[in-house]
Amino acid sequence: MLDRTKTPAKTIAPRDFESHPSYIYPGYKSTVKRGPTQPLIPLKASIGELQQPVYGHSSIGEFDNDLTRNARRNGEPLGERMILTGQVMDERKRPIRNTLVEIWQANASGRYVHKVDQHDAPLDPNFLGAGRCMTDDEGRYRFLTIKPGAYPWGNHPNAWRPQHIHVSLFGEHFASRLVTQMYFPGDPLMQYDPMVTGTPAKYRNRLVADFSLDITEPDYALGYIFDIVLRGADETPFENR
């Protein structure tokens, strides 16, 4: 297992691990089983770790970033339409262009299209809950989707996950991959959620999107901005379990 305290290469800024959740957080029960309990083994950086992922716009489908259309069968997906956009930046706040951003989420009733999800809520035949896009020259991404619902998850008595969207992306190196979760402003469930409370309090705001009336499209969809910083002192907290 990689030693989190080591920097893979001089060209990669070190992570600020104080801003991220710990590997083992007792409030989130599954981390007790998943988190490492043995000392980490540092691995010497290699040339392979410096190679960056390469994506092409030709691999992105026309509706891949439109979750209201990429899985339609017989009509519109149910729920509140929303626009999610933002800028992907490196540790110096420089935009990262032509990088792949992927999202996945529950539907409006709080259920995923996955056989393991047995939540007693309806599936939407016109909503898959997954999408992807490439950042533009200014490092910006944009999705049209349906606002996800909260759902029970059995971690503790009367446990409910806040409304959230999972985000995965790479920077200019494989070492700068980030997997995180985006939350909505004012959600009362965040204060009870171990995935939120496991993040140090002063950094939790980095996980919450900003509502934007400028991004909102009249009579159609509300707009939210979620900027992402991949490494460094202002890094967006990531999932490490």
Side-chain angles (χ1 to χ4, degrees), residues 1-6 14-42 82 84 86 101-121 129-130 145 147-169 175-211 224-241:
M1 182 174 294
L2 288 175
D3 187 341
R4 301 169 65 203
T5 64
K6 302 296 182 181
R15 293 195 184 281
D16 175 21
F17 287 105
E18 296 299 318
S19 66
H20 301 292
S22 59
Y23 276 122
I24 300 177
Y25 181 67
Y28 181 13
K29 291 183 179 179
S30 62
T31 65
V32 177
K33 297 180 179 180
R34 298 177 185 172
T37 58
Q38 300 298 318
L40 304 182
I41 301 174
M82 60 166 282
L84 175 62
V101 182
E102 299 173 292
I103 65 171
W104 63 98
Q105 62 171 93
N107 64 19
S109 64
R111 188 168 177 182
Y112 290 93
V113 182
H114 194 286
K115 63 182 180 181
V116 176
D117 189 347
Q118 297 299 309
H119 175 31
D120 184 19
T145 185
K147 191 173 184 180
Y151 57 83
W153 65 305
N155 183 76
H156 52 275
N158 204 13
W160 289 79
R161 293 282 351 259
Q163 296 169 301
H164 63 279
I165 294 176
H166 299 264
V167 184
S168 169
L169 51 86
S176 62
R177 189 189 182 200
L178 184 81
V179 179
T180 191
Q181 295 185 33
M182 182 225 84
Y183 300 88
F184 293 86
D187 191 329
L189 289 174
M190 284 193 291
Q191 63 184 309
Y192 305 109
D193 185 65
M195 296 190 193
V196 175
T197 59
T199 302
K202 65 180 180 179
Y203 301 112
R204 291 174 195 166
N205 64 307
R206 299 180 187 176
L207 296 171
V208 182
D210 294 317
F211 170 74
Y224 294 88
I225 297 175
F226 185 60
D227 292 334
I228 301 169
V229 179
L230 293 180
R231 295 186 75 89
D234 296 319
E235 182 177 9
T236 302
F238 66 90
E239 294 183 9
N240 55 24
R241 38 187 180 258

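Start at 1 with the first residue, then count along the sequence. Atom set for the values below is all heavy atoms of this structure, side chains included, hydrogens, waters and symmetry mates excluded.
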Legend entry - From CA spacing to verdict: side-chain contact (heavy atoms from CB on, under 4.5 Å), W153, D193: CA-CA 10 Å; W153 65 305; D193 185 65; 4.1 Å; yes
Legend entry - Atom pair CD (E235) and CG (L178), whose distance is rounded to the nearest 0.5 Å: 6.5 Å
Inset, instruction - Over 60° means perpendicular and under 30° means parallel, so classify the ring planes of W104 and H166, tilted if in between. - result: parallel
Legend entry - Smallest separation among heavy atoms of P185 and A209, with atom names: CD-O, 3.4 Å
Inset, instruction - For L189 and V196, run side-chain contact (heavy atoms from CB on, under 4.5 Å): C-alpha distance rounded to whole Å, both residues' side-chain angles, the deciding distance at 0.1 Å, then the answer. - result: CA-CA 10 Å; L189 289 174; V196 175; over 6 Å; no
Legend entry - Donor-acceptor under 3.5 Å (N107 side chain, G129 main chain): no
Legend entry - Over all atoms of both residues, closest heavy-atom pair of P162 and D187: CB-OD2, 3.5 Å
Legend entry - Reported CE-to-CD distance for the pair M82 and Q105, which is rounded to 0.5 angstrom: 7.0 Å
Legend entry - Beyond-backbone contact of M195 with Y28, side-chain heavy atoms, under 4.5 angstrom: yes
Legend entry - Mutual orientation of the aromatic rings belonging to F184 and Y224 [parallel < 30°, tilted 30-60°, perpendicular > 60°]: perpendicular
Inset, instruction - Flag the pair R206 / T180 as yes when at least one side-chain heavy-atom distance between them is below 4.5 Å, and no otherwise. - result: no
Legend entry - Spacing of R177 atom CZ and F238 atom CZ [to the nearest 0.5 Å]: 11.5 Å
Legend entry - Atom of H119, atom of P152 and distance for their closest heavy-atom approach: CE1-CD, 3.3 Å
Legend entry - Listed partners of T197 passing side chain to side chain contact (heavy atoms under 4.5 Å, CB included), at least two apart: Y25, P194, R204
Inset, instruction - For the pair Y183 and H164, name the ring-plane relationship: parallel under 30°, tilted 30 to 60°, perpendicular over 60°. - result: tilted
Legend entry - I225 versus G86, closest heavy-atom pair with distance: CG2-CA, 4.4 Å
Legend entry - From D227 atom CG to M182 atom CE, the distance as rounded to the nearest 0.5 Å: 12.0 Å
Inset, instruction - Check V179 against S168 and note the closest heavy-atom contact, atom names and distance. - result: CG2-OG, 3.9 Å
Inset, instruction - For residues P148 and I165, report the shortest heavy-atom separation together with the two atoms involved. - result: CG-CG1, 4.0 Å
Legend entry - Any side-chain heavy-atom pair of T236 and F226 under 4.5 Å: yes
Legend entry - Contact check, side chains of L230 and L169, non-hydrogen atoms, under 4.5 Å: yes
